[in-house]
Protein chains: 2
Amino acid sequence: MADSAGALAPQWDSGGSNRAADRAYRFIREGILASRWPPGAHLREQELAELTGVSRTPVREALRRLSADGLLQLVPNLGAKVNAWTIQDLDEIFGLRATLESQVAGLAASRAEPQHLAELGALCDAMEAVVGDGGAVDFSRITPLNDRFHGLLIDIAGDRRLGQMIRQVVEMPLVLRTFARYSRRDLARSMNHHREIVEALTARDGEWASSVMRAHVRAGRAVFTVPKTE
Amino acid sequence: MADSAGALAPQWDSGGSNRAADRAYRFIREGILASRWPPGAHLREQELAELTGVSRTPVREALRRLSADGLLQLVPNLGAKVNAWTIQDLDEIFGLRATLESQVAGLAASRAEPQHLAELGALCDAMEAVVGDGGAVDFSRITPLNDRFHGLLIDIAGDRRLGQMIRQVVEMPLVLRTFARYSRRDLARSMNHHREIVEALTARDGEWASSVMRAHVRAGRAVFTVPKTE
DNA sequence: TAATGCGTCATTGTATACAACGCAACCCGT
DNA sequence: ACGGGTTGCGTTGTATACAATGACGCATTA
């Protein structure tokens with residue numbers, strides 16, 4: 001799910017600093033996302049400390065944060081396990097996303113200003129350019145654009161906590177991006193959704209924007225169940 | 001806000017253990033909720049360690065958790081400040097609650113079973129008994145009942161993540177429970193909301209339940225702005 | 001006098017040593 | 001052979017010592 005309804009990587013600065021704890025956080029997080037450790041794997045603090053080049057103290061802090069992110073499961077006196085995702089988890093997560101992101105779209109409709117609409121439109125152009133290139137779709141170029149699109153919507157909506165919640169929910173199943181893939185049809189539909197959302201915002205129609213966004217997310221959910229058609 | 005739309009204290013076991021970090025967590029949390037430290041106050045790790053009777057290590061862990069809860073604001077190299085709540089914060093938080101809890105009510109409507117409805121009804125009875133006593137309302141007796149009511153709804157809905165999100169959102173402004181108070185009219189309305197939600201669940205009408213819950217939360221928000229009428 | 005640079009101190013961040021806990025293997029008794 | 005207790009080891013939890021960072025005050029200078 002390198003595309004829209006599935007991506008939305010957190011771009012906030014949590015862990016952007018140069019503290020040892022932040023380095024450990026980034027390192028472990030990247031490792032999990034790259035499936036360096038399979039779901040269910042037990043992470044030992046000492047080992048992580050050596051790998052990261054810091055002591056156990058910042059590693060412990062990183063583990064707590066990753067647990068809060070939902071990437072790990074922490075059991076007292078037993079340590080950290082890489083989280084494994086069930087069907088029910090996916091349903092719950094995408095259900096939450098549908099609720100929250102459609103809310104964002106609705107809010108954004110009543111607050112979007114011309115420059116916002118212009119940037120959203122430009123992002124659509126850029127994404128369509130990548131998809132329409134003819135050859136194999138370069139997901140690594142779509143993902144940041146898509147993240148920016150959804151992030152910008154959150155900014156426009158102007159509800160910090162709502163945005164924070166969404167980022168938290170999206171963070172959880174980030175691992176799965178590697179596995180699932182959008183077919184070309186899925187991608188085309190996603191692009192259309194984006195366009196339609198911008199249109200709805202231009203028309204200042206919150207219900208419209210909200211509905212399309214809900215569809216957008218639920219379509220994203222379906223990619224995990226329905227086989228890739230292409 | 002000892003009542004329904006404002007309470008819903010987290011009853012999960014986060015911090016229930018006997019580890020030093022958990023004791024520190026509980027201690028500091030209680031202190032903040034009891035206004036032992038005013039909003040904006042700078043909490044020093046050493047001082048907290050001495051007060052709690054543990055070392056700085058578990059105190060640091062507790063501070064990180066409290067920051068994730070939203071009770072503290074953490075700045076790298078500068079430490080922790082007790083969070084101060086603005087009008088915008090309240091609007092955002094109650095907005096989220098309205099969205100999430102109404103979702104829960106809707107889900108619960110399609111999943112509630114007779115024994116659930118019975119327990120919800122019993123909780124309504126108990127709360128009304130406390131309120132209708134005639135004398136001054138004993139908030140300390142309403143709060144746990146109300147928490148149980150909302151918590152049971154979450155259980156019935158059967159969406160763990162949704163419940164987790166709600167608990168997280170409710171946790172944030174928990175400090176304010178001390179300040180705001182429901183008038184007798186507000187309380188009466190709250191009780192009516194509860195009853196109506198149970199009715200909607202009995203009728204298996206998710207839209208109905210969801211709407212009442214949304215009203216319930218927004219009425220709770222208003223208590224913070226409109227002066228107590230009594 | 002006001003602005004700037006430096007030094008000191010309080011406070012946070014990190015490393016390391018030690019304690020407590022849990023699991024597993026083993027021994028012993030029945 | 002099987003069950004219960006026990007010991008040993010690996011891992012997590014906690015305390016403490018040390019390093020690094022930022023804030024405040026003072027002195028120096030234009």
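Chain letters run A, B, ... following the sequence lines, proteins first, then strands; residues in each count from 1.
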- Item | Charged N-O contact under 4.0 Å between Glu171(B) and Arg29(B) | yes
- Message: In this structure, how many angstroms lie between the C1' atom of dT21(D) and the CD atom of Glu45(B), rounded?
- Response: 13 Å
- Where does the chain B footprint on DNA chain C start and end, counting 5' to 3' with a 4.0 Å heavy-atom cut-off? dT11(C) to dT14(C)
List the atom pairs, donor and acceptor, that lie under 3.5 Å between side-chain atoms in residues 113-126 of chain B and the rest of the protein, sequence neighbours left out.
{"from": "His116(B)", "atom 1": "ND1", "to": "Glu113(B)", "atom 2": "N", "distance (Å)": "3.1"}
{"from": "Glu119(B)", "atom 1": "OE1", "to": "Arg148(B)", "atom 2": "NH2", "distance (Å)": "3.4"}
{"from": "Glu119(B)", "atom 1": "OE2", "to": "Arg148(B)", "atom 2": "NE", "distance (Å)": "2.9"}
{"from": "Glu119(B)", "atom 1": "OE2", "to": "Arg148(B)", "atom 2": "NH2", "distance (Å)": "2.7"}
{"from": "Asp125(B)", "atom 1": "OD1", "to": "Arg195(B)", "atom 2": "NH1", "distance (Å)": "3.4"}
{"from": "Asp125(B)", "atom 1": "OD1", "to": "Arg195(B)", "atom 2": "NH2", "distance (Å)": "2.5"}

- Message: Please report the distance, rounded to the nearest Å, between CD in Glu50(A) and P in dT11(D).
- Response: 11 Å
- Message: Please determine whether ring-ring contact (aromatic ring centres under 6.0 Å, His included) holds for the pair Phe94(B) and Phe224(B), giving the CA-CA distance in whole Å, both sets of side-chain angles, and the decisive distance to 0.1 Å.
- Response: CA-CA 11 Å; Phe94(B) 276 86; Phe224(B) 285 101; 5.7 Å; yes
- How would you label the contact of Leu43(B) with the nucleic acid (heavy atoms, under 4.0 Å): base, sugar-phosphate, or nothing? sugar-phosphate
- More 5' along DNA chain C: Ala20(A) or Pro76(A), using each one's nearest nucleotide? Ala20(A)
- Give the intermediate values and the outcome of side-chain hydrogen bond (donor to acceptor under 3.5 Å, both in side chains) for residues Gln168(A) and Gln164(A). CA-CA 6 Å; Gln168(A) 191 178 328; Gln164(A) 187 183 322; 5.2 Å; no
- Please test Asn146(B) against Thr143(B) for side-chain hydrogen bond (donor to acceptor under 3.5 Å, both in side chains), starting from the C-alpha separation and ending with a verdict. CA-CA 5 Å; Asn146(B) 178 68; Thr143(B) 304; over 6 Å; no
- Task: Could you state the atom-to-atom distance from CZ of Arg23(B) to P of dG13(D) in whole Å?
- Result: 14 Å
- Item | 5'-most by nearest nucleotide on DNA chain D - Thr57(A) or Leu78(A) | Leu78(A)
- Can you check whether Ala49(A)'s main-chain N or O pairs, donor with acceptor, with Thr52(A)'s side chain at less than 3.5 Å? no
